Every structure is written in structure tokens, then in C-alpha cells.
Amino acid sequence: MSRNRELGEFLRNQRARRLPEPGAVWSGNRRVPGMRREEVAQLAGMSVDYYVRLEQGRIGAVSEEVLDAVAGALRLTDTERAHLFRLAARRRSTLGREHRALIDPGLQRLLDSWPTTPAHILDHRMNVVAANDLCIGLFAGAGWDLSGESNGARLVFLDPAAREFYLEWAEKAESIVTYLRLAAGRHPGDTELSALVGELVVASPEFATLWAAHRVAEKGSGTMRVRHPVVGVVALLFHGFPVPGDTDLTLVTFTPAAAADEEAIRLLGSWTAPEPSFDERESLVAEADPAVRRDIG
């Protein structure tokens, strides 16, 4: 899809989602939801013809002043406004980064140091590039192995188990698409990301519908409820943090929403804890019983 066409589709979708300004009076019946092109043009201080050509992708370079005016007229959020500017910039990324991201080993050690907090790291294509044991055990409840090469978008849209695992699957699905749409705007030259989107559009009608809406959002914070076969239903608060030194990576942590959820995560931790080796078991027994320690000596 050309950048001009994508810019036009984004503007049309945003206009359809916005209600007219309070007190605005326009003659005739309103045949479509949202704002009219005439309303956006008037609020942005430009001719209707210019705005129509902008939506149709028939305008080349667009000034920052025009983009600011359109963003204000459509009452775009900061994230949506930044996405609009990226689409209008018509830049092609030379950093394809086609392969699985390599992370600093210190990041994996950081994840492993949180024995009571499930956490993983995603790249901008939603590939899982690192996870701690507790997080691996959490998502094993859906039959997924995050220790290998996994893509969160493929799992949620293409694996039927996702609809049983996520109690609010529709919300999860929409959040993934809005994040991928934002990533696509940031990485217009990423052929691997384009291939992923193309695959999901063809394989999942739900993804295709959500993708066509052109909504964008950061992977920020919220609550999710999952159904795990070992610990039951668990409510978790998730938070996404950019990884210092690599803005394409996001650290996502999951913390219990209530005391019952905390107990469930504690149980999950005992279930996922690795078995101690023979030498480790002998050492633990010796520390607990001086008589055994003398025998070992």
C-alpha cells in the first residue's frame, strides 16, 4: 500500500469516528457517521477541495502546519497525531531488522531475578525475544512455549486456544492490532512486518476488520484475565516499558490484581520452579540437618 493511500485511509477512519463539534450546523441530512469533510476542512482552516485531495492521497508533501491543523480538527490523541506525521513524512526505513532481535544478556538476568513477576520482552513485530520462567509457565496455560520463537499476534489470532485463554479476547485482539498499526507507521520499510500483517489479514477476518479501522495505540498498561488450567482464572495488571537503548523492544510485566491473584501466581511459581539437581538436594538437606551434614562429611 502506498504511503499516500495509507494516509488517506487513516484520515477517513479518524473522521468517521469523530462526532461533529458541538453547535456545528450543517444543512441536509447526515448520511454517514462522524464528521463531514466540510466540517474538518473548516475547523482546519483550509479549502474543502484541498482536504478532499489529502484524503484521496493526491497531495505530495504536506507541511507541519497543515498536519497540525488537521490533527486539531479531528481531535487526535498524541499517539494518533504522531502516527499522522509519520504517514505524511513518506520516509522509507533502511533498518529492516529482518531477524529475531538479539537482547543484552543482562536483560534476561533481570527477568530471571523476578521470581514472583511474570515478564517478557517483545520486539515491534510482537515476537517474544525473552521471557522468565514464570511468564513461560503462565502462557503455557494456552499451550504456548514462549521459550522458543513465538509471535504474540499469530498466537492470539490464529490459535483457537487464545479465545479460551483470554477471557476478554476481543479487547486483547484490538490492542494487538492498534500496536502493530503504530509499528507499521514507524517501520514502513520492514518487509517482515508487512509479511506478518499480510498473513494475518488473509487468515483472520477479525484481524482484517480491525486493521482496516486504522486505529493506533502504544502498548501501555491495563488489566487482562486469563484462564490457566493449573491455577484457574487470574487477573493481571500489565505494564509496557521501552527498553533503554532499543526503542523497538518493549518490556511487559504482569502483576496480580488482587490477593487471590497473587496466591495464584505463587502457586504457578511453585509449579514452574525447576527441580533441584541431586547435589543441590543433598546440600539443602545438609543445611537443614546437622547430623546429615556430619554423615556427608
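Everything numeric here is computed off the predicted structure, so don't read it as measured data. Hydrogens, waters and symmetry mates are skipped; everything else that's a heavy atom, side chains included, is used.
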With a 3.5 Å distance limit and no angle check, can you tell me whether [X] reaches the backbone of [Y] through a side-chain donor-acceptor pair?
X: Ser270; Y: Leu267; result: yes
X: Asp246; Y: Asp248; result: yes
X: Ser221; Y: Gly240; result: no
X: His228; Y: Val230; result: yes
X: Thr117; Y: Trp114; result: no
X: His83; Y: Ala183; result: no
X: Asp123; Y: Val129; result: no

Gap separating the [atom1] atom of [X] from the [atom2] atom of [Y], nearest 0.5 angstrom:
X: Leu155; Y: Lys172; atom1: CG; atom2: NZ; value: 10.5 Å
X: Ile176; Y: Leu200; atom1: CD1; atom2: CG; value: 9.0 Å
X: Arg18; Y: Leu43; atom1: CZ; atom2: CG; value: 12.5 Å
X: Leu251; Y: Leu111; atom1: CG; atom2: CG; value: 6.0 Å
X: Leu138; Y: Ile265; atom1: CG; atom2: CD1; value: 5.5 Å
X: Leu7; Y: Arg12; atom1: CG; atom2: CZ; value: 9.5 Å

Handout entry: Distance-only polar pair, side chains of Asn132 and Asp112, donor-acceptor under 3.5 Å
Key =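 No, no side-chain donor-acceptor contact under 3.5 Å.
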Practice task
Start with the C-alpha distance between Leu180 and Phe207, add both sets of side-chain angles, then the distance that settles side-chain contact (heavy atoms from CB on, under 4.5 Å), and finish with yes or no.
Solution key: CA-CA 11 Å; Leu180 285 180; Phe207 183 92; 4.1 Å; yes
Exercise for the section: Test Trp211 against Phe157 for ring pair (Phe, Tyr, Trp, His ring centres under 6.0 Å), laying out the working first. Expected result: CA-CA 12 Å; Trp211 186 256; Phe157 282 96; over 10 Å; no
Validation row: [X], [Y] side chains within 4.5 angstrom (heavy atoms):
X: Val252; Y: Phe241; result: no
X: Arg75; Y: Met35; result: yes
X: Val128; Y: Phe139; result: no
X: Asn127; Y: Leu122; result: no
X: Leu249; Y: Ile121; result: yes

Give me the atom names and distance for the closest heavy-atom approach of [X] to [Y].
X: Ser47; Y: Ala41; result: O-CB, 3.9 Å
X: Val234; Y: Val231; result: CG2-CG2, 3.7 Å
X: Ala73; Y: Ala44; result: CB-N, 4.0 Å
X: Leu146; Y: Ser150; result: CA-OG, 3.9 Å
X: His120; Y: Ala131; result: CB-CB, 3.8 Å
X: Leu134; Y: Pro115; result: CD2-O, 3.4 Å

Problem - Arg227: side chain to side chain donor-acceptor pair (under 3.5 Å) partners, not counting sequence neighbours - result: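 In terms of side chain to side chain donor-acceptor pair (under 3.5 Å), with neighbours along the sequence ignored, Arg227 is linked to no residue.
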Salt bridge [X]-[Y], side-chain N to carboxylate O under 4.0 Å:
X: Glu80; Y: Arg181; answer: no
X: Arg15; Y: Glu55; answer: yes
X: Glu168; Y: Arg163; answer: no
X: Glu199; Y: Arg154; answer: yes

Exercise for the section: Under the salt bridge (charged side-chain N to carboxylate O under 4.0 Å, His left out) rule, collect the residues that match up with Arg266, sequence neighbours excluded. Expected result: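 For Arg266 the salt bridge (charged side-chain N to carboxylate O under 4.0 Å, His left out) partners, ignoring immediate neighbours, are Glu262, Glu263.
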Exercise for the section: Apply side-chain contact (heavy atoms from CB on, under 4.5 Å) to the pair Leu236 and Thr223, showing each step before the final yes or no. Expected result: CA-CA 6 Å; Leu236 298 166; Thr223 303; over 6 Å; no
Exercise for the section: Start with the C-alpha gap between Glu171 and Arg225, add the side-chain angles, then the distance that decides, and say whether salt bridge (Lys or Arg N to Asp or Glu O under 4.0 Å) holds. Expected result: CA-CA 11 Å; Glu171 293 180 12; Arg225 293 189 303 150; over 6 Å; no
Practice task
List the steps and the verdict of side-chain contact (heavy atoms from CB on, under 4.5 Å) for Val226 and Leu167.
Solution key: CA-CA 6 Å; Val226 300; Leu167 272 67; 5.5 Å; no
Problem - Residue of the set Thr116, Leu237, Asp261 for which side-chain contact (heavy atoms from CB on, under 4.5 Å) holds with Thr255 - result: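 Only match with Thr255 under side-chain contact (heavy atoms from CB on, under 4.5 Å): Leu237.
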Exercise for the section: List the steps, then state whether side-chain contact (heavy atoms from CB on, under 4.5 Å) holds for Asn13 with Arg215. Expected result: CA-CA 8 Å; Asn13 278 275; Arg215 297 189 181 184; over 6 Å; no
Practice task
Group every Ile, Leu, Val, Met, Phe, Trp and Tyr by side-chain heavy-atom contacts under 4.5 Å, then state whether Trp144 and Leu158 land in the same group.
Solution key: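 Yes, same cluster.
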Practice task
Please work out which of the three classes, parallel, tilted or perpendicular, describes the rings of Phe254 and Phe238, given edges at 30° and 60°.
Solution key: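 Because their plane-to-plane angle lies in the 30° to 60° range, the rings of Phe238 and Phe254 count as tilted.
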